[in-house]
Amino acid sequence: MGFADVARELLLVAPADFVAERTARQRAVRKDDRELAAAIGGLRKPAPAAWVIDLLARDGALDEAVDLGPAIRQAQADADPGAIRTLRHQRAGVVDALVQAGADLASDAGHPATPAVLDQVRAAIEAAMADPHAGAAVRSGLLVRPLESAGFDDVDLDGALADPDAVPDAWGGSDAPPIPITSARGARGASRASRKPEPEQREPKRRDPKQRDPKQREPERREPKQREPKTDPAADRRAARQAETEARAESRDADAALDAAETDLEAAEERRADLERQLADATAEVERLERARDDAEAASDRARDVLTAAQHHRRAVGR
């Protein structure tokens, strides 16, 4: 079983039991596969809304919503008011039904979702319908944080999946190490900006001089061409991927450290609770023994009184 499969199982565990279950799975595989054990140890605890989405994904309940997305996007692209109204009405019904289904699943698992969490579930489903990459993310069963659609921008998937490499459809350009769609878009924008001429600075140099010999204008017309080799879109994309990869590694390390700290804290709390139980038991035993001592002391006093009375009686009879 690979990490993605283990992650899908663990992400279905109720949030209150997640850390303990993750630790148990990590220990179970550590002897045979230390790399997998390390990956399990670095798995982030899902946000409550992401947990509900993963429950829905397990049952395949999100398929209808995600499949409705392309039709809505096409109707919007065609500017078809009638189709848009019909599809929006259909979308509202599907989303409402899924939110209620998610609430029922959470309650059945013993961890009812709050209204705020259900609002995040709704936003994630709507994001999945608006963006095909987000749709792949929510259907993967590997979601660890909620998603939200922001207007016409691509949904930010950075850090949203437990194993992004297992869901190539959630990323742009899967021929290279996955990078968030927003980062890829930023890199492309930077490349276009670097290639774009600056008319306010350069055009006056070509048009301003009226009396100058035309031969003297050649170097100025060639200047933009001499600068073009400085821009390398492929290098920009590689740099963006490298930066994202490094940031993801740092994020995973930080998450692993956080989870390890949570595990250590839980173990310390369990030890403290055990010590408190032992102290309570010891206190109760001391109190019991003190009562027994008091009873024995009282019995001893009574016995001495009886002995003293018997001795006085004997002396009186002997006279």
Side-chain angles (χ1 to χ4, degrees), residues 1 3 6-52 54-55 58 102-118 120 144-145 162 253-319:
M1 181 177 291
F3 171 63
V6 176
R8 284 189 179 93
E9 293 182 358
L10 287 173
L11 293 175
L12 297 176
V13 176
D17 302 325
F18 176 82
V19 173
E21 184 63 23
R22 181 191 59 194
T23 300
R25 292 296 295 270
Q26 183 182 21
R27 290 173 179 171
V29 304
R30 181 176 292 154
K31 182 179 179 181
D32 298 326
D33 193 335
R34 298 187 67 84
E35 184 177 352
L36 177 58
I40 293 173
L43 178 62
R44 291 171 53 191
K45 180 179 179 180
W51 172 65
V52 175
D54 289 335
L55 291 176
R58 174 196 61 187
D104 294 341
L105 288 173
S107 296
D108 292 345
H111 193 81
T114 65
V117 168
L118 293 178
Q120 291 181 332
V144 294
R145 71 163 178 82
D253 290 344
D255 290 337
L258 172 60
D259 290 338
E262 289 178 347
T263 301
D264 292 342
L265 177 59
E266 287 188 356
E269 289 176 345
E270 289 178 359
R271 290 195 298 271
R272 181 180 67 179
D274 186 54
L275 290 173
E276 288 176 348
R277 286 193 296 269
Q278 293 180 24
L279 177 60
D281 294 341
T283 301
E285 180 65 11
V286 168
E287 292 175 351
R288 184 187 69 78
L289 293 174
E290 286 177 344
R291 289 193 298 270
R293 180 202 61 190
D294 293 343
D295 292 343
E297 185 176 6
S300 175
D301 291 342
R302 289 193 300 271
R304 280 196 298 270
D305 291 342
V306 172
L307 175 60
T308 300
Q311 288 173 340
H312 288 167
H313 180 69
R314 178 181 58 78
R315 293 191 189 103
V317 171
R319 292 175 185 167

_Trace of the side-chain contact (heavy atoms from CB on, under 4.5 Å) decision for Lys45 with Trp51_ = CA-CA 9 Å; Lys45 180 179 179 180; Trp51 172 65; over 6 Å; no

*For residues Leu12 and Asp54, report the shortest heavy-atom separation together with the two atoms involved.*
CD2-O, 3.5 Å

_What I'd like to find out is whether the side chain of Arg145 reaches to under 4.5 Å of the side chain of Pro46, using heavy atoms alone._
no

_For Thr283, all residues meeting side chain to side chain donor-acceptor pair (under 3.5 Å), sequence neighbours excluded_ = none

*Can you list the residues that meet the side-chain contact (heavy atoms from CB on, under 4.5 Å) rule with Val6, with sequence neighbours excluded?*
Met1, Leu10, Arg25, Ile40

*For Asp104, what residues pass the side chain to side chain donor-acceptor pair (under 3.5 Å) criterion, not counting sequence neighbours?*
Gln100

*asked:* Among residues at least two apart in sequence or on other chains, which ones pass side-chain contact (heavy atoms from CB on, under 4.5 Å) with Arg302?
replied: Ala298, Ala299

*Please identify each residue that fulfils salt bridge (charged side-chain N to carboxylate O under 4.0 Å, His left out) with Arg288, with sequence neighbours left out.*
Glu285

_Can you list everything that forms a side chain to side chain donor-acceptor pair (under 3.5 Å) with Glu287? Sequence neighbours excluded, please._
none

*First locate atom CZ of Arg44, then atom CZ of Arg22, and finally report the distance between them rounded to the nearest 0.5 Å.*
11.5 Å

_Atom of Ala113, atom of Ala106 and distance for their closest heavy-atom approach_ = N-CB, 4.0 Å

*What are the two closest non-hydrogen atoms of Ala7 and Leu43, and how far apart are they?*
CA-CD2, 4.0 Å

*Calculate, to the nearest 0.5 Å, the distance between atoms CZ and OG1 belonging to Arg30 and Thr23 respectively.*
8.5 Å

*For Arg34, does the CZ atom sit with more than 12 other heavy atoms under 6.0 Å from it, leaving out its own atoms?*
no

*asked:* Any heavy-atom pair between the side chains of Phe3 and Glu35 that's under 4.5 Å?
replied: no

*Is there a donor-acceptor pair closer than 3.5 Å between any side-chain N or O of Gln120 and the backbone N or O of Ala49?*
no

_Partner residues of Thr114 under the side-chain contact (heavy atoms from CB on, under 4.5 Å) criterion, sequence neighbours left out_ = Ala116, Val117

*side-chain contact (heavy atoms from CB on, under 4.5 Å) partners for Leu105, two or more places apart*: Leu55, Leu56, Arg58, Asp59

